[in-house]
Number of protein chains: 2
Amino acid sequence: MFDPVCPSGLSPIRVGDKWAAMIIRCLEEGPRRFSELRIPLRGITAKVLTASLRTLERDGFVVRTVCPGPARHVEYALTPLGRSLLEPMNFACAWMEEHWEELLDAREAASPTG
Amino acid sequence: MFDPVCPSGLSPIRVGDKWAAMIIRCLEEGPRRFSELRIPLRGITAKVLTASLRTLERDGFVVRTVCPGPARHVEYALTPLGRSLLEPMNFACAWMEEHWEELLDAREAASPTG
DNA sequence: CAGGATCCTACTGGATACTG
DNA sequence: CAGTATCCAGTAGGATCCTG
């Protein structure tokens, strides 16, 4: 899913914006800091990550906690509502695992170059 | 779902493009013609419906059948692969029914105007 | 009837540079 | 460290008009 080669990119099922599902997966095991999130999400810019996190926060899927101090940092964590999204996400993944070959075949048959 | 007031518009889970899920619902009971599809999909323009149907066709979710004759018409029907999408769609609907109030509450709490 | 052609707007996502 | 500010390209979606 985090690999650019991963076929999850062709899934017709999307949760939130481009990065939302991956962010939720990153938070599945526990809270993560802003800069920690940027590592698995290779290539995401600070602005885009911020925007996606703000949307997740607005919808009540994620909570943002500022930890002040000399080395200030911010933690993001899933709320129960955000965690509940894992169910439809897993269901979508199961559908994808079962059908991605048919999907690829259909696209190849539809493309003129093969 | 087809009503502009329906809260399905705020679901974070999307299947295909803006109209894909509604088109699939329209085809659930059997084949439908182009102009038949335009009725429940209030306001959709011919170009946009065509584009969405072409994508569904390319991915193998829908088949297009031209019925020639004096009164030419075209029928669209779900393939087994397209029909299999109803499962994750129903799952997403179930999630939405269970959580849309929490979602609304979160958005209201996040909006400055209430 | 079932589109295709053209034009247009708004939004999404990203590159780059800067800041408390 | 965790963003914000600006600028920018690509795309999705739509309005309108035309056609085999």
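Owing to the predicted nature of the structure, the values given are computational and were not obtained by experimental measurement. A, B, ... follow the sequence lines: proteins, then strands. Residue 1 opens every chain.
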Compute the bend angle of the helix from dC1(C)-dG20(D) to dG20(C)-dC1(D) from the end axes (five pairs per end), rounded to 10°.
50°
Taking the inter-plane angle between the rings of Phe91(A) and Phe91(B) on a 0 to 90° scale, is it parallel (under 30°), tilted (30 to 60°) or perpendicular (over 60°)?
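If you compare the ring of Phe91(A) with that of Phe91(B), the planes turn out parallel.
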What is the distance, rounded to the nearest whole Å, between atom [atom1] of [X] and atom [atom2] of [N]?
X: Arg32(A); N: dG3(D); atom1: CZ; atom2: P; result: 17 Å
X: Glu36(A); N: dC1(D); atom1: CD; atom2: P; result: 11 Å
X: Ile44(B); N: dA12(D); atom1: CD1; atom2: P; result: 15 Å
X: Leu37(B); N: dC1(C); atom1: CG; atom2: P; result: 13 Å
X: Leu53(A); N: dC1(D); atom1: CG; atom2: P; result: 16 Å
X: Arg54(B); N: dG13(D); atom1: CZ; atom2: C1'; result: 17 Å
X: Phe34(B); N: dA2(C); atom1: CZ; atom2: P; result: 7 Å
X: Leu49(B); N: dA12(D); atom1: CG; atom2: P; result: 16 Å

Check whether any side-chain heavy atom of [X] sits under 4.5 Å from a side-chain heavy atom of [Y], and report yes or no.
X: Leu86(A); Y: Arg25(A); result: yes
X: Leu85(B); Y: Leu78(B); result: no
X: Arg64(B); Y: Val74(B); result: yes
X: Ser52(B); Y: Met22(B); result: no
X: Lys18(A); Y: Val48(A); result: no
X: Asp59(A); Y: Leu10(B); result: no
X: Leu49(A); Y: Ile23(A); result: yes
X: Leu103(B); Y: Pro12(B); result: yes

Hey, does the side chain of Tyr76(B) come within less than 4.0 Å of dC1(C)'s phosphate (OP1/OP2), counting only N and O?
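For dC1(C), OP1/OP2 do not have a side-chain N/O of Tyr76(B) under 4.0 Å.
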If the cut-off is 4.0 Å, is Arg33(B) near the phosphate of dC1(C), judged by side-chain N/O to OP1 or OP2?
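So the side-chain polar atoms of Arg33(B) never come under 4.0 Å of the phosphate oxygens OP1 or OP2 of dC1(C).
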Does the protein touch nucleotides 5-12 of chain C at the base, only the backbone, or not at all? Give it as B, S and - per nucleotide, heavy atoms under 4.0 Å.
BBB-----
Hey, does [X] reach any base, or is it just sugar-phosphate, or nothing, if we go heavy atoms under 4.0 Å?
X: Arg38(A); value: nothing
X: Val74(A); value: sugar-phosphate
X: Arg64(A); value: sugar-phosphate

Which sits closer to the 5' end of DNA chain C, Ala46(B) or Ala46(A), going by the nucleotide each is nearest to?
Ala46(B)
From dA15(C), dA2(D), dT4(D), nucleotide with atom closest to Thr50(A) side chain:
dT4(D)
If you only use heavy atoms from C-beta on, which nucleotide in dG3(C), dC1(D), dG14(C) is closest to the side chain of Trp19(A)?
dG14(C)
When you compare the protein's N or O atoms with those of nucleotides 17-20 of chain D, which come within less than 3.5 Å of each other, and at what distance?
from	atom 1	to	atom 2	distance (Å)
dG20(D)	N2	Arg72(B)	NH1	3.4

Within the side chain of Arg72(A), is there an N or O that forms a donor-acceptor pair under 3.5 Å with the backbone of Val66(A)?
no
Testing Thr55(A), Thr79(A), Leu81(A), Leu27(A) one by one against Val62(A) for a side chain to side chain contact (heavy atoms under 4.5 Å, CB included), which residue passes?
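Of the listed options, the one satisfying the test is Leu27(A).
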Hey, any chance Leu56(A) and Trp100(B) share a hydrophobic cluster, counting ILVMFWY side chains that come within less than 4.5 Å of each other, even indirectly?
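Same hydrophobic cluster.
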